[in-house]
Amino acid sequence: DSKRDVKIPPAVLGSIKVKVKKASKFNLVWNSQGSMSRYKTSVWEPHASSSLKQNKVSISLGHFAGHGYDNPNRDSNERLFLEVTDTSGSWVGGSSWLPHVLDKYMPYPARYRLAWSLTHGSNHFYAWEPVPPGDDFVALGFIGSKEDKQPDVKAMRCVPKSWCKESTYVNKVWDDSGSSGRAGSIWVFNSLYLVGFVSGTDPPRRQPHDLASRRFFMSEYTNIHSTTVAPASGGYK
């Protein structure tokens with residue numbers, strides 16, 4: 001992939017700051033009304049501008065879980081996305097390095113695989129697991145949709161595995177017990193409150209990831225010598 005062949009000087013990574021930011025606007029993707037489940041839940045996308053503004057850009061890492069049908073603003077849990085800033089000040093109307101840094105170190109998923117779907121009744125839901133573009137990357141969150149087609153890969157970005165630790169914040173918020181059809185469940189996968197979808201109702205077999213740090217410069221965590229871009233295996237079953 002030519003995008004990841006660009007040689008980014010270590011000094012540039014030393015000036016790229018990554019920090020979590022609280023999402024404050026959300027668009028409803030789906031709620032479980034009419035799903036016949038005895039639980040209520042909802043899935044929301046952050047309303048974050050992904051456009052490059054001067055020297056910073058906002059990065060969505062996936063969709064969020066809601067409590068019941070309420071907008072996430074109505075509970076006390078922060079939903080977090082990433083803000084990436086070029087602090088070097090050597091930019092003219094936008095950082096010349098940021099797009100290259102994003103493509104190389106925070107790539108879009110290669111594709112999505114369907115974790116499960118809910119298709120009885122009129123309120124369909126499709127639970128999509130992002131497949132990272134290589135084993136060096138992980139998807140921290142998943143994407144939900146109401147239609148049976150793969151979401152846009154540009155709906156979210158992956159992050160380097162070297163930025164992550166195993167999540168200790170994994171909670172089931174919904175499963176379709178009480179309804180018929182293929183069992184699926186909705187989870188909060190990490191402290192960013194990103195949503196994860198698991199086929200069946202048991203916890204994911206592979207432990208989800210969380211960010212190891214909430215605020216860092218890329219040179220602190222990034223393996224700048226890594227070049228692997230083989231397709232990664234999916235499978236939170």
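The figures here come from the full heavy-atom set of this structure, side chains too, leaving out hydrogens, waters and symmetry mates.
- Checked by atom type and distance alone, the side chain of Glu129 never pairs as donor or acceptor with a backbone atom of Phe142 at under 3.5 Å.
- In this pair, Trp174 and Trp30 present their aromatic rings perpendicular. The plane angle is above 60°, beyond the 30 to 60° band.
- Side-chain contact check for Tyr108 versus Pro133: every heavy-atom pair is 4.5 Å or farther apart.
- Using a 4.5 Å heavy-atom cutoff, the side chains of Val170 and Pro208 are in contact.
- No donor-acceptor pair under 3.5 Å is formed between the side chain of Asn31 and the backbone N or O of Tyr69.
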Would Trp163 and Phe216 satisfy ring-ring contact (aromatic ring centres under 6.0 Å, His included), going step by step from the backbone distance to the final call?
CA-CA 9 Å; Trp163 294 6; Phe216 56 94; 5.0 Å; yes
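- Closest approach of Val198 and Asp202 over heavy atoms only: CG1-O, 3.6 Å.
- With Arg157 contributing its side chain and Met106 its backbone, the two residues share a donor-acceptor pair below 3.5 Å.
- Between Leu82 and Leu211 there is a side-chain heavy-atom pair separated by less than 4.5 Å.
- For NZ of Lys172, the number of neighbouring non-hydrogen atoms (other residues, nucleotides, ligands) closer than 6.0 Å is greater than 12.
- Looking only at distances, a side-chain donor or acceptor of Ser32 sits under 3.5 Å from a matching main-chain atom of Thr41.
- For the salt bridge (charged side-chain N to carboxylate O under 4.0 Å, His left out) criterion with Glu83, the lone passing option out of Lys22, Lys17, Lys21, Arg214 is Lys21.
- Without hydrogens or angle criteria, His209 side chain to Leu140 main chain gives no donor-acceptor distance under 3.5 Å.
- Applying the ring pair (Phe, Tyr, Trp, His ring centres under 6.0 Å) criterion to Tyr112, with sequence neighbours excluded, gives no partner residue.
- Distance alone, capped at 3.5 Å, places no donor-acceptor pair between the Asn27 side chain and the Glu45 backbone.
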